[in-house]
Amino acid sequence: QVQLVESGGGSVQAGGSLRLSCLASGFAYFGFSSSCLGWFRQAPGKEREGVVQIRRDGITNYADSVKGRFTVSRDNAKNTLYLEMNSLKPEDTDMYYCAAGRPYGDCSLAATDFVHWGQGTQVTVSS
């Protein structure tokens, strides 16, 4: 079955940077490259928030709160999704999850478009 494993979280001071990675396994042939991928974040007691999605053609869509600071990329040859986070703010503190949709499925910042989820990696930004 499909598995997504995030890494790269940690604690930084405001203004710092982190790079998250998400390694996928278990996809059928071309399944990863055909799927919408995304990053979400969630704090305890809050709803999961879409951070960015990247379509199979590379088109991206960022939440307004991270535009200009975060950059998503995908390496289909390595079955890996990345999130470069710069100019981090305390309000970016959350558990970050990577997600994958169905091959050739819908692709938006709605969590309902995604069927596979990682376990999350914690990002903590101190002021």
Side-chain angles (χ1 to χ4, degrees):
Q1 74 254 21
V2 172
Q3 286 192 318
L4 303 174
V5 179
E6 303 95 336
S7 61
S11 297
V12 296
Q13 291 198 327
S17 299
L18 283 173
R19 188 191 196 207
L20 307 184
S21 299
C22 174
L23 177 63
S25 61
F27 276 95
Y29 197 58
F30 283 138
F32 181 85
S33 63
S34 303
S35 298
C36 175
L37 304 173
W39 287 98
F40 289 76
R41 62 187 183 185
Q42 187 173 23
K46 292 188 176 182
E47 288 190 6
R48 192 163 291 190
E49 174 192 10
V51 175
V52 59
Q53 112 245 352
I54 180 166
R55 294 174 12 177
R56 58 185 183 272
D57 58 5
I59 301 294
T60 58
N61 180 31
Y62 292 88
D64 289 342
S65 57
V66 305
K67 280 181 182 176
R69 300 187 298 122
F70 290 11
T71 303
V72 67
S73 60
R74 62 192 294 168
D75 186 336
N76 292 330
K78 295 182 178 179
N79 277 13
T80 303
L81 176 69
Y82 302 99
L83 183 65
E84 187 77 34
M85 304 187 295
N86 298 313
S87 302
L88 282 162
K89 304 175 182 180
E91 51 264 43
D92 293 319
T93 295
D94 267 323
M95 185 73 79
Y96 283 71
Y97 300 87
C98 71
R102 295 181 181 86
Y104 304 103
D106 292 336
C107 192
S108 73
L109 281 175
T112 51
D113 284 350
F114 297 85
V115 294
H116 306 294
W117 295 87
Q119 293 300 306
T121 185
Q122 178 68 38
V123 171
T124 302
V125 185
S126 58
S127 56

>> Between Ser34 and Gly31 (side chain of the first, backbone of the second, donor and acceptor by atom type, cut-off under 3.5 Å), is there such a pair?
In response: no
>> Using the side-chain hydrogen bond (donor to acceptor under 3.5 Å, both in side chains) criterion, which residues pair with Arg69? Sequence neighbours excluded.
In response: Asp92
> Is any side-chain heavy atom of Tyr97 less than 4.5 Å from a side-chain heavy atom of Arg41?
Replying inline: no
> Under 6.0 Å from the six-membered ring centre of Tyr104 and within 45° of its axis: does the NZ or CZ of Arg56 meet both?
Replying inline: no
> Hey, mind stepping through Thr71 and Tyr62 against side-chain contact (heavy atoms from CB on, under 4.5 Å) and telling me if it holds?
Replying inline: CA-CA 9 Å; Thr71 303; Tyr62 292 88; 4.0 Å; yes
> Do Trp117 and Phe40 have their ring centres less than 6.0 Å from each other?
Replying inline: yes
> Around Asn86, counting heavy atoms of other residues, nucleotides and ligands shown, do more than 12 lie under 6.0 Å from its CG?
Replying inline: yes
For a quick test of your reading: what N or O donor-acceptor pairs under 3.5 Å do the side chains of residues 120-127 make, sequence neighbours left out?
unit_1 : atom_1 : unit_2 : atom_2 : d
Thr121 : OG1    : Gly9   : N      : 3.2
Gln122 : NE2    : Asp94  : O      : 3.3
Gln122 : NE2    : Thr124 : OG1    : 3.4
Ser126 : OG     : Val12  : O      : 3.4

> Are there more than 12 heavy atoms of other residues, nucleotides or ligands under 6.0 Å from atom CD of Gln119?
Replying inline: no
> Taking the six-membered ring of Phe32, is the NZ or CZ of Arg74 close enough (under 6.0 Å from the centre) and on axis enough (within 45°)?
Replying inline: yes
> Side chains of Arg19 and Ser7: closer than 4.5 Å at any heavy-atom pair?
Replying inline: no
> Is there any disulfide bond (SG atoms under 2.5 Å apart) pair reaching into residues 70-127, and which pairs are they, with sequence neighbours excluded?
Replying inline: Cys22-Cys98, Cys36-Cys107
